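First up is the structure itself, then whatever we jot down about it.
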Amino acid sequence: MRTIAVVARKGGAGKTTVAAHLALAAHLRGRKTLLADADPQGSSSEVMRGRTGDGPGAVEAPGRALAAVQMTSVRQGHEALVIDTPGSFDEAVAQAVALSDLVLMVVRPTFLDLAAALQTAEVVRKLRKPHLVVLNQAPPPRDGVEPPAVKKALEALRVMRLPVAPALLRSRAIYQTALEAGRSVEESMDAAAAREVGELWAFVERFAFAARPASREEAGERAFSIAATR
Ligand SMILES: Nc1ncnc2c1ncn2[C@@H]1O[C@H](COP(=O)(O)OP(=O)(O)O)[C@@H](O)[C@H]1O
Ligand SMILES: [Mg+2]
């Protein structure tokens with residue numbers, strides 16, 4: 001089983017949106033998946049309660065419950081455990097990071113989110129955890145050109161030597177409305193949003209499920225160079 005922690009020190013960055021979409025993406029591709037909600041606010045549990053039909057498992061796992069949840073999910077034969085975390089970098093987040101094989105840092109293209117990412121990166125690096133930035137709520141390109149905020153964010157992340165997933169999530173209302181019914185944008189009519197999430201999952205899957213650690217390093221290098229040349 002692979003454990004993926006979705007973190008950001010900022011509330012509203014999109015942790016729940018990304019965690020729920022990745023858990024749904026893994027489920028839709030036939031991987032037995034559990035979404036663990038380590039945020040006492042319980043947003044991702046709420047999202048999954050709204051879903052009809054089959055879906056990933058969902059469990060509330062605040063604070064110290066996380067390690068036990070991980071052990072149980074291995075026993076139950078889960079292939080992927082996605083952890084949604086609270087905004088403040090408290091014990092629950094540190095534990096989620098410590099238990100994970102891959103840490104996804106959700107960052108909006110704003111100065112404050114980038115500053116917060118730098119703090120998170122320190123912890124993640126100390127724990128030597130493979131990590132990737134997911135740039136979320138990026139404004140859409142105009143005439144095929146990235147908006148200045150996105151360019152600046154990618155440049156800042158390059159300077160911070162943080163690998164960036166090559167699939168950005170744009171700011172789109174469908175991310176909000178789809179989750180209201182517990183569904184992924186991949187199950188909606190919005191082809192552009194579906195493509196973003198599909199690409200993000202494909203990359204995360206290669207990264208997290210790589211057979212040997214070296215290939216994770218390679219994937220990180222690749223992510224970095226793609227982001228740098230955008
Ligand atoms: N890519 C996106 N496009 C549009 N709205 C988004 C996007 N990502 C998140 N949101 C919205 O932003 C708000 C905060 O997102 P959420 O996932 O709850 O953040 P967090 O869990 O980090 O606090 C929610 O209303 C969510 O629907
Ligand atoms: Mg949340």
Side-chain angles (χ1 to χ4, degrees), residues 4-25 35-51 56 58-63 66 81-93 95-97 100 103-110 112-117 119-121 124 131-142 146-147 149-150 153-154 164-201 203-204:
I4 300 165
V6 182
V7 307
R9 281 187 187 208
K10 289 270 164 227
K15 294 176 289 294
T16 298
T17 303
V18 169
H21 273 96
L22 291 181
L24 286 162
L35 177 59
D37 194 349
D39 185 350
Q41 279 185 354
S43 305
S44 52
S45 313
E46 186 83 40
V47 163
M48 287 306 158
R49 268 198 294 277
R51 184 176 176 86
V59 62
E60 291 186 24
L66 217 42
L81 171 65
V82 180
I83 308 173
D84 186 17
T85 65
S88 58
F89 208 94
D90 62 10
E91 206 185 323
V93 184
Q95 198 180 20
V97 169
S100 67
V103 180
L104 293 181
M105 300 162 54
V106 182
V107 174
R108 288 166 295 193
T110 68
L112 290 175
D113 271 34
L114 289 162
Q119 295 176 322
T120 309
V124 168
H131 52 281
L132 266 183
V133 169
V134 175
L135 204 57
N136 184 36
Q137 302 189 45
R142 261 173 271 140
E146 285 294 355
V150 175
L154 289 171
V164 182
L168 313 186
L169 303 186
R170 303 286 170 182
S171 190
R172 301 178 193 277
I174 188 72
Y175 282 108
Q176 200 150 356
T177 49
L179 285 189
E180 281 167 14
R183 309 203 80 74
S184 165
V185 297
E186 289 195 280
E187 299 169 284
S188 78
M189 302 298 281
D190 193 320
R195 187 164 356 97
E196 283 168 9
V197 168
E199 285 175 10
L200 179 63
W201 171 253
F203 192 77
V204 165

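For ligands, and for the atoms within them, numbers begin at 1 and follow the listed sequence. This one's a predicted model, so the numbers in the text were calculated from it and none came from an experiment.
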*In terms of atom number and element, which parts of ligand 1 are under 4.0 angstrom from non-hydrogen atoms of Gly11?*
23 (O)
_Exam field: side chain Glu199 to backbone Glu196, donor-acceptor pair closer than 3.5 Å_ = no
*In terms of side-chain geometry, is the basic nitrogen of Arg195 or Glu186 positioned less than 4.0 Å from the acidic oxygen of its partner?*
no
*For atom 18 (O) of ligand 1, find the nearest protein heavy atom and state the residue, atom name and distance (0.1 Å precision).*
Thr16 CB, 4.0 Å
_Per-residue contact class, Lys15 against ligand 1 - non-hydrogen pairs under 4.0 Å_ = both
*asked:* Quick test: of every protein heavy atom, which one is nearest to atom 19 (O) of ligand 1, and how far off is it to 0.1 Å?
replied: Gly14 N, 3.1 Å
_Backbone or side-chain N/O/S of Thr85 under 2.8 Å of the Mg ion (ligand 2)_ = no
_With a 4.0 Å cut-off on N to O distance, would you call Glu46 and Arg51 a salt bridge?_
no
*Looking at atom 4 (C) of ligand 1, what's its closest protein heavy atom, distance included?*
Arg172 O, 3.1 Å
_Contact summary for Asp113 and Lys10, nearest pair of heavy atoms_ = OD1-CG, 3.4 Å
*With a 4.0 Å cut-off on heavy atoms, is Ser171 touching ligand 1?*
yes
*What is the distance from atom CD1 of Ile4 to atom CD1 of Ile83, rounded to the nearest 0.5 Å?*
9.5 Å
_Salt-bridge criterion met for Glu60 and Arg49 (N-O under 4.0 Å)_ = yes
*Tell me: protein heavy atom nearest atom 17 (O) of ligand 1, and distance?*
Thr17 OG1, 2.6 Å
*Do side-chain atoms of Thr85 reach the backbone of Val6 as a donor and acceptor pair under 3.5 angstrom?*
yes
_Taking atom 25 (O) of ligand 1 as the reference point, the nearest protein heavy atom with its distance_ = Gln176 NE2, 3.3 Å
*For ligand 1, the portion of Asn136 having any non-hydrogen atom under 4.0 Å away*: side chain
_One thing to verify: whether Glu146 and Arg170 come together as a salt bridge, which I'm taking to mean a side-chain N less than 4.0 angstrom from a carboxylate O._
yes
*For atom 7 (C) of ligand 1, grab the closest protein heavy atom and report residue, atom and distance to one decimal in Å.*
Gln137 CG, 3.4 Å
*asked:* If we only consider heavy atoms of Gly12, is any one of them less than 4.0 Å away from an atom in ligand 1?
replied: yes
*Under the 3.5 angstrom rule, does the side chain of Asp39 hit a backbone N or O of Gly42 as a donor-acceptor pair?*
no
_Atom indices of ligand 1 within 4.0 angstrom of Arg170 heavy atoms, with elements_ = 1 (N), 2 (C), 3 (N)
